[in-house]
Amino acid sequence: MIKIFKLKNIISIKDFEKEDIDYILDEASKLENIAKSREVSEELKGKILGLMFFEPSTRTRMSFETSMKRLNGECIGFESSGSSSVSKGESIADTAKMFEGYCDALVIRHELEGVSKFISDIVDVPVINAGDGAGQHPTQTLLDLYTIRKVIGKIDDLKIALVGDLKFGRTVHSLSNALGLYKNVKIYLVSPPELKMPEEVLHDINKTNITWEEVDSIEKIIDDVDVLYVTRIQKERFADIEDYMKIKGAYIINKKMLEGKDLIVMHPLPRIDEIDTDVDNTKYNKYFTQAANAVPVRMAILKTLIKNNPK
Ligand code: NCD
């Protein structure tokens, strides 16, 4: 059977079926050699990717750019609202329409939930959500799953602790949704009471086979988990900075806590102080591997969407 990838846009991981995820992960495996050996393939020669980053980003923007270049395509775009005509009062809709005229696909990051979806409804080229507020971050989830599959060899039958800011952290929202497609997954939700996983996400995962449990300390679950997925407290999403100061540094992972454990540590990055740097040179550190895996996974996404939807 010839496999096809059905989605035109990547807005929410909830739009994916398991076979769609497998398609991208398998394609990423095939492209990994090019990424690792720093080569360039001709797959997207002459194509242009539009990067509309209204919110700051290092890894996501750079890895999309690298991925496009490894496929011999090019990028145009802006890296903050301040450096686009939105700062002069142009609407997001008009800006997106401009980009549609120049590009073969658009990547959008914005502080408001739903902006990528809005843009995908008004342009004809594929739209990729690179993070919308505290909503979704589907391409991060694809590279998280790729990393888990590659390092542990499977995604079924795992116990995964999501640690930190589960309220505002969009990466853990998308990841929880995706894990619902796998068998026998247990999620431990480890967060301060103020930053618990939102009801809507719990509602979604209750419709799947995931079992989950909220816990208030890492010590309670560290002997039981295969993956510690650590996140940053999302300072920029707090209305009152005092509230942030109260919970800052609530959970910190260090080398000593991990000794003798059979697990990996992941983090979408950037890290502030959640993972002590003494973990960096241990076998537990998979967060830099995860960041590097962004390239083959985003190459797979760009190749698939742009080739499937020629202008
Ligand atoms: C994350 C994001 O932007 O949501 N970073 C990323 O894309 N790798 C995590 C974060 O900002 O904390």
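Only a predicted model underlies this, so the values are computations on that prediction, with no experimental measurement involved. All residue numbers refer to positions in the sequence shown, counting from 1. Counting starts at 1 for both ligands and their atoms, following the listed order.
Remark: ligand 1 atoms within the under-4.0 Å shell around heavy atoms of T60 are 6 (C), 7 (O). For ligand 1, the atoms lying closer than 4.0 Å to a non-hydrogen atom of H137 are 2 (C), 4 (O), 6 (C), 7 (O). Counting atoms of ligand 1 from 1 in the listed order, those under 4.0 Å from a heavy atom of R109 are 2 (C), 3 (O), 7 (O). In summary, the atoms of ligand 1 found under 4.0 Å from a heavy atom of Q234, numbered by their order in the structure, are 10 (C), 11 (O), 12 (O). For ligand 1, the atoms lying closer than 4.0 Å to a non-hydrogen atom of R232 are 10 (C), 11 (O), 12 (O).
With a 4.0 Å heavy-atom cut-off, ligand 1 is reached by the backbone of L269 but not by any atom from C-beta on.
When only interatomic distances are considered, the shortest N/O to N/O separation between P270 and ligand 1 does not fall below 3.5 Å. Of the N or O atoms in T171, none lie within a sub-3.5 Å distance of an N or O in ligand 1. Residue E236 has no N or O atom closer than 3.5 Å to an N or O atom of ligand 1.
One finds a salt bridge joining K303 and E27 here, because a Lys/Arg side-chain nitrogen approaches an Asp/Glu carboxylate oxygen to under 4.0 Å. Salt bridge present: R271 and D280 bring a charged side-chain N and a carboxylate O closer than 4.0 Å. Taking the charged nitrogens against the carboxylate oxygens, E79 and R61 do have a contact shorter than 4.0 Å, which makes a salt bridge. Looking at D204 and K14, a side-chain N of the basic residue comes within less than 4.0 Å of a carboxylate O on the acidic one, giving a salt bridge. Between R170 and E55, at least one side-chain nitrogen of the basic residue sits less than 4.0 Å from a carboxylate oxygen of the acidic one, meeting the salt-bridge criterion.
Ligand 1 does not have E55 within reach: every non-hydrogen atom of the residue lies 4.0 Å or more from it.
Atom 3 (O) of ligand 1 has R170 NH2, 2.9 Å as its closest protein atom, hydrogens excluded (heavy atom only). Here the protein heavy atom with the shortest distance to atom 8 (N) of ligand 1 is P268 O, 2.9 Å.
F54 and F78 have perpendicular rings, their planes meeting at more than 60° on a 0 to 90° scale where under 30° would count as parallel.
Scanning all heavy atoms of the two residues, the minimum distance from D156 to K183 falls at OD1-N, 2.6 Å.
Side chains of Y284 and E259: no donor on one and acceptor on the other come within 3.5 Å.
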